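Since the model is a prediction, treat every value here as computed from it, not as a measurement.
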Amino acid sequence: MSHARAERAALSDLLDRLGPEAPTLCAGWATFDLAAHLVLRERRLDAAGGIAIKALAPYTASVQESLKARHGYAGLVDLIRQGPGGVYGLIPGADEAVNTVEFFVHHEDVRRAQPGWEPRDLPPEQQRTLWRRLAKTARLMLRRAPVGVVLHRLGGGVALGGDRDAPHVEVTGPAAELLMFCTGRMDHARVDLSGEAADIARLRGSDLGI
């Protein structure tokens with residue numbers, strides 16, 4: 001089973017278990033909202049633009065609410081569990097290319113919003129896969145960082161981002177934790193930061209992620 005499919009299955013099970021009103025790390029979203037987002041992203045590409053483009057966000061939000069009303073929570077979770085929908089289900093390899101990081105991060109958005117969470121012991125191959133994806137997108141994810149950022153992956157690997165002309169902060173941890181940090185889940189990422197206290201505070205106060 002691919003990493004994307006494994007994360008999809010595990011997230012679907014967790015959503016089933018927690019129900020529609022459980023918290024997530026996505027600001028303002030409960031599990032019902034996150035489920036609708038995942039279905040919209042795969043099956044309503046006409047509305048997906050608002051995920052990244054603020055001017056289109058109202059339409060995206062309206063479609064997301066319509067999906068909730070049409071399918072209900074259980075129906076949305078079933079659609080997620082069925083596998084990649086829309087174009088992602090038609091193009092070979094698209095699911096793994098597009099959803100490996102997406103489903104890992106959103107699985108963790110649900111897991112880490114619950115009391116007593118701990119990082120999972122991920123297989124080494126999954127950690128390597130997440131690192132490869134992060135290393136390719138680190139500059140994009142860290143583009144709004146007000147300081148230089150050096151990512152050190154435990155087990156090997158360095159990636160750079162942020163303002164390279166400013167003092168830098170070094171962030172060290174497993175690939176999965178570095179990914180959560182760089183997607184803006186800084187308070188829920190088990191990483192070590194080193195540098196000047198003021199620079200670390202500026203980095204933690206910045207808006208990271210794509």
What's the shortest heavy-atom distance between V158 and W131, and which atoms?
N-CZ2, 3.5 Å
Any idea which heavy atoms bring L76 and A35 closest together, and the distance?
CB-CB, 4.1 Å
When you measure from the side chain of S206 to the backbone of P146, do you find a donor-acceptor pair of N or O atoms at a distance under 3.5 Å?
no
Do T60 side-chain atoms and A48 backbone N/O form a donor-acceptor pair below 3.5 Å?
no
All heavy atoms of R81 vs all of D13, minimum pair found to be NH1-OD1, 2.7 Å
If hydrophobic clusters are built by linking Ile, Leu, Val, Met, Phe, Trp and Tyr wherever their side-chain heavy atoms come under 4.5 Å apart, do L130 and M186 end up in the same one?
yes
Donor-acceptor check, side chain of R204 to backbone of A201, threshold 3.5 angstrom: yes or no?
no
Between V98 and L11, is there shared hydrophobic-cluster membership here, with clusters defined by ILVMFWY side-chain heavy atoms closer than 4.5 Å?
no
Are side-chain heavy atoms of L142 and L151 found at a separation under 4.5 Å?
yes
Does some side-chain heavy atom of T100 sit less than 4.5 Å from a side-chain heavy atom of S2?
no
Residues L25 and M180: closest non-hydrogen pair is CD1-CE, 4.4 Å
If I take atom CZ from residue R5 and atom CG from residue N99, how far apart are they, to the nearest 0.5 angstrom?
9.5 Å
So do E108 and H188 actually touch side chain to side chain, heavy atoms under 4.5 Å?
no
Looking at E42, E96, E102, which hits salt bridge (Lys or Arg N to Asp or Glu O under 4.0 Å) with R8?
E42
Side-chain contact, heavy-atom cut-off 4.5 Å: R202 with E196?
no
Specify whether F32 and Y73 have parallel, tilted or perpendicular ring planes, treating 30° as the upper limit for parallel and 60° as the lower limit for perpendicular.
perpendicular
Tell me if the CG atom of D46 is crowded by more than 12 foreign heavy atoms within 6.0 Å.
yes
Report yes if the side chains of H152 and E170 come closer than 4.5 Å at any heavy-atom pair, otherwise no.
yes
Less than 4.5 Å apart, side chain to side chain, heavy atoms only: is that true for H168 and V147?
no
Following the transitive rule for hydrophobic clusters with a side-chain heavy-atom cut-off under 4.5 Å over Ile, Leu, Val, Met, Phe, Trp and Tyr, establish whether V150 and F181 coincide in one cluster.
no
Looking at A36, is its backbone amide N or carbonyl O close enough to the side chain of R41 to form a donor-acceptor pair, meaning the two atoms are under 3.5 Å apart?
no
To the nearest 0.5 angstrom, please state how far the OG1 atom of T172 sits from the CD atom of E177.
12.5 Å
Sub-3.5 Å donor-acceptor pair from the side chain of T31 to the main-chain atoms of G19, do we have one?
yes
Indicate if Y59 and V39 have the same hydrophobic cluster label, given that clusters are the connected sets of ILVMFWY residues with side-chain heavy-atom separations under 4.5 angstrom.
yes
Short question: side chain of R133, backbone of A97 - any donor-acceptor pair under 3.5 Å?
yes
With a 4.5 Å limit on heavy-atom distance, are the side chains of V171 and L203 in contact?
yes
Reported CG-to-OG distance for the pair L40 and S66, which is rounded to 0.5 angstrom:
8.0 Å
Run the salt-bridge test on E7 and R111 with the 4.0 Å N-O cut-off and return the result as yes or no.
no
With side chains defined as the heavy atoms from C-beta onward, is the minimum distance between R112 and R185 less than 4.5 Å?
no
CD/E125: more than 12 non-hydrogen atoms of other groups inside 6.0 Å:
yes
In this structure, are over 12 heavy atoms from other groups packed under 6.0 Å from R164 atom CZ?
no
Testing the basics here: between A175 and L134, what is the closest heavy-atom pair and its distance to 0.1 Å?
O-CD2, 4.3 Å
For S12 and I80, work out which heavy atoms get closest and say how close.
OG-CG2, 3.6 Å
Is it true that a side-chain atom of Q127 and a backbone atom of A176 form a donor plus acceptor pair closer than 3.5 Å?
yes
Are any side-chain N or O atoms of R190 and backbone N or O atoms of E118, one a donor and one an acceptor, separated by less than 3.5 Å?
no
Common cluster, V63/V77, ILVMFWY with side-chain heavy-atom separation under 4.5 Å
yes
Give a yes or no on whether the backbone of P23 and the side-chain of Q114 come within a donor-acceptor separation of less than 3.5 Å.
yes
